[in-house]
Amino acid sequence: MYPNIQMVDLRGQYLKLKPQIDEAIANIINNTAFIGGKAVQDFAANLAQYLHSNSVIPCGNGTDALQIALMALNLQQGDEIITASHTFVATAEVIALLGLKPVFVDIDPDTFTIDTAQIAAAITNRTRVIIPVHLFGQSADMETIMAIAKKHKLYVIEDNAQAIGANYYYTNGTTQKTGTIGDIGCTSFYPSKNLGCYGDGGAVFTNNPHLAQQMHLIANHGQRVKYDSDVVGINSRLDGIQAVVLAAKLPHLDQYIAARQQAAAYYDAAFAQHPNIKIPQRTSYSSHVFHQYTIYIQGNRDQLKQALEQKGIPTMIYYPIPVHLQKAYQYLGYKSGSLRHTEYAAAQTISLPMHTELTQEQCQYIADTVITLAAQIS
Ligand SMILES: *Cc1c(COP(=O)(O)O)cnc(C)c1O
């Protein structure tokens with residue numbers, strides 16, 4: 001057994017920046033700059049520069065980011081929001097929470113992102129927004145999505161929580177960061193995300209000055225002037241300690257991505273010819289930043305997961321129950337079989353250890369063990 005393989009190794013990453021991060025956190029405490037202040041503003045400006053986005057508005061977490069984005073669009077109760085069911089529940093949750101209606105579209109099984117060929121059929125006269133989720137670190141087909149949105153006058157909110165730093169490649173050769181293509185991009189700085197802080201954090205991005213102003217207000221109780229709310233808002237803030245952690249890590253984000261891509265390339269090569277394993281497919285229109293390395297397994301996936309656990313290899317299932325089949329979302333009327341590819345992915349995929357600190361030896365042990373055990377499952 002190989003010692004100490006983790007699904008995500010946040011400690012190893014911390015130790016490499018420890019003096020810098022410890023000092024920055026101590027400064028925040030010394031200056032009692034707990035909420036708001038220069039550190040938060042500086043990080044937002046740095047991230048805006050990295051993304052080439054006009055505005056980055058930090059907030060409390062990725063779920064809030066999605067909620068703030070939807071709240072900025074002046075939607076009416078019952079308006080329909082098209083999104084994927086193969087996602088973390090937050091994407092659909094905020095839609096439901098605001099009295100809007102989630103409309104789920106199946107995924108392309110190769111990419112795990114929303115199947116653009118099925119979006120048009122889901123559009124009604126109540127549809128207002130499309131929320132593509134750049135799941136596992138690869139962009140949805142944004143050029144097609146933006147064309148559909150333009151034709152039907154819909155907003156696009158990108159759930160970029162898993163893909164920060166990914167590049168989108170347009171057919172005309174230009175490149176843009178994911179999360180800056182739609183009207184609004186949302187991200188999470190949850191510790192295990194590709195750019196994670198040491199608690200909760202999130203942000204919205206936009207190039208639209210009006211939406212930027214609205215989201216700024218909404219995240220701060222709807223207040224333009226202190227103690228005088230213009231609109232109904234929420235309290236959603238990134239704190240100073242999280243901002244300095246993120247500021248220390250942002251300059252390394254591209255290296256972190258490269259380390260993930262290297263581990264993914266190693267896994268790819270090991271599994272390439274395996275009859276029972278399908279490796280993650282790459283698209284022509286996006287880089288892949290590998291928030292997760294997720295494979296399809298032919299055979300008893302849960303048996304494989306258990307056997308790997310016994311060999312000291314942790315794995316995760318993203319996601320075991322599609323949102324449309326979860327109890328809270330039964331009222332929407334979806335049934336087992338409603339979204340075939342989404343349900344198949346929930347049943348037959350497994351995500352392997354993926355983080356910035358994986359060594360080649362660890363990847364080799366993981367790949368060899370997966371190959372051996374995949375041959376033994378029923
Ligand atoms: C993590 C995540 C979120 C929510 O982010 P939090 O910071 O945990 O609220 C939303 N959508 C997706 C796809 C995510 O992976």
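Note that the structure is predicted; figures quoted are calculated from it, not measured. When reading the values below, keep in mind they use all heavy atoms of this one structure, side chains included, and skip hydrogens, waters and symmetry mates. In each ligand, atom 1 is the first atom listed, and ligand 1 is the first ligand listed. We're numbering straight along the sequence, starting at 1.
Within the listing of ligand 1, atoms 13 (C) sit less than 4.0 angstrom from a heavy atom of V133. With ligand atoms numbered from 1 in the order given, ligand 1 contributes 13 (C) to contacts under 4.0 Å with heavy atoms of T87. Within ligand 1, the atoms closer than 4.0 Å to a non-hydrogen atom of N61 are 7 (O), 9 (O), numbered from 1 in the order shown.
The only member of K16, R260, R11 that meets salt bridge (charged side-chain N to carboxylate O under 4.0 Å, His left out) when paired with E357 is K16. A ring pair (Phe, Tyr, Trp, His ring centres under 6.0 Å) with Y293 holds for exactly one of Y318, Y267, F136; it is Y267.
Using a 4.0 Å cut-off between a side-chain N of Lys or Arg and a carboxylate O of Asp or Glu, R237 and D200 do not qualify as a salt bridge.
Protein heavy atom nearest atom 9 (O) of ligand 1, with residue, atom name and distance: T63 OG1, 2.5 Å.
Contact annotation: for D159 versus ligand 1, heavy atoms closer than 4.0 Å belong to the side chain alone. Counting heavy atoms under 4.0 Å from ligand 1, residue L135 does not touch it at all.
For the residues H134, K193, H86, Q67, the heavy atom positioned nearest atom 1 (C) of ligand 1 is part of K193. Atom 5 (O) of ligand 1 has its nearest heavy-atom neighbour, among S188, A84, S192, in S188.
Of the polar atoms of G62, at least one N or O is found under 3.5 Å from an N or O of ligand 1, judged by distance alone. For the pair Q162 and ligand 1, the shortest N or O to N or O distance falls below 3.5 Å.
Within the 3.5 Å criterion, the main-chain N or O of G179 finds a donor-acceptor partner in the side chain of E158.
The aromatic rings of Y319 and F88 lie tilted to each other, with the angle between the two planes from 30° to 60°.
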What do the steps show when you test D254 against Y50 for side-chain contact (heavy atoms from CB on, under 4.5 Å), and what is the final call? CA-CA 10 Å; D254 287 340; Y50 174 85; 2.6 Å; yes

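Annotation for H274: atom NE2 counts as buried by contact number, over 12 foreign heavy atoms lying within 6.0 Å.
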